[in-house]
Number of protein chains: 4
Amino acid sequence: MTQGAGSDHRSRPRRRGSELTAAIYDAVLAELATSGYGELTMDAIAKRAGTGKASLYRRWPTRTELVMDAVYATLPGEQDLPDTGSLRDDIVCTFTSIAAGLSGPVGAALRGLRGEALIDPTVAERVRDYSRSAALHTLRRIVDRAAGRGEIDASKLSPLRLAAGPAIMRNHFLFNDMEDFDIVSLVDEVIMPLLTHPTGSLQVRDI
Amino acid sequence: MTQGAGSDHRSRPRRRGSELTAAIYDAVLAELATSGYGELTMDAIAKRAGTGKASLYRRWPTRTELVMDAVYATLPGEQDLPDTGSLRDDIVCTFTSIAAGLSGPVGAALRGLRGEALIDPTVAERVRDYSRSAALHTLRRIVDRAAGRGEIDASKLSPLRLAAGPAIMRNHFLFNDMEDFDIVSLVDEVIMPLLTHPTGSLQVRDI
Amino acid sequence: MTQGAGSDHRSRPRRRGSELTAAIYDAVLAELATSGYGELTMDAIAKRAGTGKASLYRRWPTRTELVMDAVYATLPGEQDLPDTGSLRDDIVCTFTSIAAGLSGPVGAALRGLRGEALIDPTVAERVRDYSRSAALHTLRRIVDRAAGRGEIDASKLSPLRLAAGPAIMRNHFLFNDMEDFDIVSLVDEVIMPLLTHPTGSLQVRDI
Amino acid sequence: MTQGAGSDHRSRPRRRGSELTAAIYDAVLAELATSGYGELTMDAIAKRAGTGKASLYRRWPTRTELVMDAVYATLPGEQDLPDTGSLRDDIVCTFTSIAAGLSGPVGAALRGLRGEALIDPTVAERVRDYSRSAALHTLRRIVDRAAGRGEIDASKLSPLRLAAGPAIMRNHFLFNDMEDFDIVSLVDEVIMPLLTHPTGSLQVRDI
DNA sequence: CTCTAAACGAGACGGTACGTCCAGTCTTCGG
DNA sequence: CCGAAGACTGGACGTACCGTCTCGTTTAGAG
């Protein structure tokens, strides 16, 4: 009694499964592009995708997970490593292409997800599971390959040294405009020096 | 005689100005401590502070600004620089004390503010105005002093090199647990090398 | 975070208290008139009244109670008894005016309320508290007055005999069209005979 | 080999036709008994009956019709008239057995159906088609038989007079507790007097 | 016995209304 | 005027059902 009516006058055939999922992903990205992450609502996504909220909640328990899936579906899988033969050029190449991917709605989404993770610890876990620092991950592989060529001594590198470049780039991505970021300088002034600097030369810790 | 229903029987004289402001700050921090940033609501703050929402909105246009004021009111002003005579030890000392300040409700608030800034560009501006990277700022002053002592050549340092250490620490603060973070390693493996590494020695850019 | 925005561009001054309540009652009756009880939704009422659902739920826990208040607010209080000097004419007069009141949106509402009471026992209680059978109640008073005049012997009347007329009328109101109902016949063929028939003349029970 | 995902491992042979219909009726009554009419949902009925909603909608266009069929399937067909030789005793007998049938889930269903009819005029029509006032219907046949015996003069009876008894009983059934209802008093104080009272003795209408 | 069409079971789909929560604004008193 | 209290408009939330649909499986009946 007195519940929803629900006559169905829409475009048959009804979408299901992956077809519908894809349409929802599109809707999420479209909403992100036009309104931004802060204005992203489940109602709007459902309306834009031409479906009902139930179909969203049936697949994703929270908005966060929906956005994660929508975003990561657009990201390339395992990056093809560039292979210039030079460690430095490989890094420049990789970081540049990653930076390119962080613009537009995808970048907005990633920022938003990170934002929610900062606000809600519950979300933080889920985001962490999903997110790999693409930059750090790829850098490690490039460095390993360079070590194979004998270009550097990877065994001497600490995780912290590898993390420095990606950390700076991520900070810039998150809190500044990605436009005014000079990747070449980052590589030459920070990343390469840390990769080649002799370990322990300044190990004054034990003095 | 017949007193109105919602009459006000509070005996304490009504608070005004800074007294009230301080009470509100306390309420904000208390809410942050018990519920976290995600559950922080204006209603709850007002109720806890024993005031009305209007008194909040009269002072702060948004929740974000209220939290910023509440948090920065608890932070120390210009940090007294430590002076150990050694660049490295000054840095270790400073970073350690900054890290200590980032725990508890204040840390939660800062994370939350950063989070909202990531979600809403409008908020981002306001947050940026307020927030200075304490670590970066202080590091610069310490380095300048060391340059005065002749310990290093500050003129050769690029902003990127200075930024690396604070960037790593911030990343860790934002997205990992601050507990398992080794400041000494950061200083010895990343910051110090970058400060002392000869500039341009690896400038293969022009090759 | 990410909760409703809520900018306020509406007609000030804002309505409160009884003014708002009256506007809501109007909205309920208007919705009843245009859509019927079955299509009555809280959303529609709120929209029509130009308020939010919260203001409805703040006042009434359920739609049923809202409708009851809205309807009973339009009903006249204690009916002025007609006084023709004749028992029969008083009854005809009263029943006719009651029947008149049961048409239009008010009638629809009463039917709807009764309907919900039949479906949900919880509602039934609330409805029972509100509703008095106006017909039965008034009939009793008229009969008592006639007894005062010596027209009949009220002490001999059983409640069941009084109930017959109102029961038939109510049944007709609830399950048939009120238009084709002949009150005069009801009075002459059922009510008056029962009021004047000697009690027990047919007490064959004990035979 | 590779079996489809949603394969069907149920061992029991699939039910069809009247076997399935009977199972659905059972489910409806079971739901009514455990949850009441208000909580009756098509989903729950389908689940309880171990079938799909499509099988319900294939048979009944609305929940109302389903419930009507389920309920009327349990009701006895044409009542065997009692035959005590006395009009009064026949009536008492009949009304008593009808009242007995109105308890339990069937009574709840009938109340619920009536309720929905009051809320939705569309439903009202369907319900009216189905429902015959068993009491009124049977009463008429008993009275006719008594007239045949010469016990009363049926030609003088108006429909309104016949309706009074059933109306009172129905009202009691719908809006009060059937337990505290005295059928004997109803018969002796209302029904019998109206059946035997000389018509028109009070016809003051034309005066 | 095989083949086909229909019915069956399960549940996803597009949709409406629910009742709750909070944002930000406004009103009403009392000091 | 400002403080305290809280009601107001509005919008999104996540849930429950609706009635329809699609999908694979089972069954009955025809050839």
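Letters go in sequence order (proteins before strands), and every chain restarts at 1.
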*Asks:* Taking atom C1' of F:dA16 as reference, at what distance in whole Å does atom CD1 of D:Ile45 sit?
*Replies:*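 Rounded to the whole Å, the gap is 15 Å.
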*Asks:* Check the interface with nucleotides 1-7 of chain E: list each N/O to N/O pair with the protein under 3.5 Å, or write none.
*Replies:*
| from | atom 1 | to | atom 2 | distance (Å) |
| --- | --- | --- | --- | --- |
| E:dA7 | O4' | D:Arg16 | NH2 | 3.2 |

*Asks:* Rounded to whole angstroms, how far apart are CD on D:Glu65 and P on F:dG19?
*Replies:*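 Taking atom P of F:dG19 as the reference, CD of D:Glu65 is at 12 Å.
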*Asks:* Look at the side-chain N and O atoms of C:Thr41 and state whether any lies under 4.0 Å from the OP1 or OP2 oxygen of E:dA17.
*Replies:*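 No, because none of the side-chain N or O atoms of C:Thr41 sits under 4.0 Å from OP1 or OP2 of E:dA17.
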*Asks:* Between B:Asp43 (CG) and E:dT20 (P), how many Å, whole number?
*Replies:*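 Roughly 16 Å, once rounded to whole Å.
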*Asks:* At under 4.0 Å between heavy atoms, what does B:Ala46 touch on the DNA or RNA strands: base, sugar-phosphate, or nothing?
*Replies:*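 Nothing, no heavy atom under 4.0 Å.
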*Asks:* Between B:Arg63 (CZ) and E:dG24 (C1'), how many Å, whole number?
*Replies:*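 Between C1' of E:dG24 and CZ of B:Arg63: 13 Å.
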*Asks:* Roughly how many Å is it from CG in D:Leu56 to P in F:dC17, rounded to a whole number?
*Replies:*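 Value for this atom pair: 15 Å.
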*Asks:* Return whichever of C:Gly52 or B:Gly52 has its heavy-atom-nearest nucleotide of DNA chain F closer to the 5' end.
*Replies:*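 Counting from the 5' end, the first nearest nucleotide belongs to B:Gly52.
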*Asks:* Return yes if a side-chain donor-acceptor contact under 3.5 Å exists between A:Thr51 and A:Arg14, otherwise no.
*Replies:*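 The criterion, which ignores hydrogens and geometry beyond distance, is not satisfied for A:Arg14 and A:Thr51.
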*Asks:* What's the CD-P distance between D:Glu19 and E:dG9, to the nearest Å?
*Replies:*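 After rounding, the reported distance stands at 9 Å.
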*Asks:* For a side-chain hydrogen bond (donor to acceptor under 3.5 Å, both in side chains) check, start with the C-alpha distance between D:Thr34 and D:Arg48, then their side-chain angles and the critical distance, and finish with the verdict.
*Replies:* CA-CA 12 Å; D:Thr34 59; D:Arg48 163 103 61 169; 3.2 Å; yes
*Asks:* Using a heavy-atom cut-off of 4.0 Å across all strands, would you classify B:Ala54 as base, sugar-phosphate, or nothing?
*Replies:*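 Counting heavy atoms under 4.0 Å across all strands, the contact made by B:Ala54 includes a base.
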*Asks:* Does the B:Ser35 side chain pair with the main chain of B:Leu32, one donor and one acceptor, at a distance under 3.5 Å?
*Replies:*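 Pair absent, no side-chain N/O of B:Ser35 close to backbone of B:Leu32.
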*Asks:* Would you please name every residue forming a side chain to side chain contact (heavy atoms under 4.5 Å, CB included) with D:Thr62, sequence neighbours left out?
*Replies:*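 Only D:Thr64, D:Glu65 meet the side chain to side chain contact (heavy atoms under 4.5 Å, CB included) criterion with D:Thr62.
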*Asks:* Identify whether any heavy atom of C:Ser55 sits under 4.0 Å from a base atom; if not, whether one sits that close to sugar-phosphate; answer base, sugar-phosphate or nothing.
*Replies:*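 C:Ser55: base contact, heavy atoms under 4.0 Å.
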*Asks:* With a 3.5 Å cut-off and just heavy-atom distances, do the side chain of B:Lys53 and the base of E:dG24 make a donor-acceptor pair?
*Replies:*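 Per atom types, the contact qualifies.
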*Asks:* Please give, in whole Å, the distance from F:dA7 P to B:Met42 CE?
*Replies:*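 Roughly 19 Å, once rounded to whole Å.
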*Asks:* Without placing hydrogens or testing angles, list every side-chain donor-acceptor pair under 3.5 Å for residues 36-44 of chain B, not counting sequence neighbours.
*Replies:*
| from | atom 1 | to | atom 2 | distance (Å) |
| --- | --- | --- | --- | --- |
| B:Tyr37 | OH | B:Glu116 | OE1 | 2.3 |
| B:Thr41 | OG1 | B:Ala44 | N | 3.0 |

*Asks:* With nearest nucleotide decided by heavy atoms, which residue, B:Ala44 or C:Tyr57, maps closer to the 5′ end of DNA chain E?
*Replies:*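 Per heavy-atom nearest nucleotide, the more 5' residue is C:Tyr57.
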*Asks:* Calculate the interatomic distance between C:Lys47 atom NZ and E:dT16 atom C1'; express it in whole Å.
*Replies:*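 It works out to 13 Å between those atoms.
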*Asks:* Please give me the minimum heavy-atom distance between B:Ala109 and B:Val67, naming the atom from each residue.
*Replies:*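 Looks like CB-CG1, 4.0 Å.
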*Asks:* For C:Arg15 and C:Ser55, does a side-chain donor sit closer than 3.5 Å to a side-chain acceptor?
*Replies:*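 Short answer, no.
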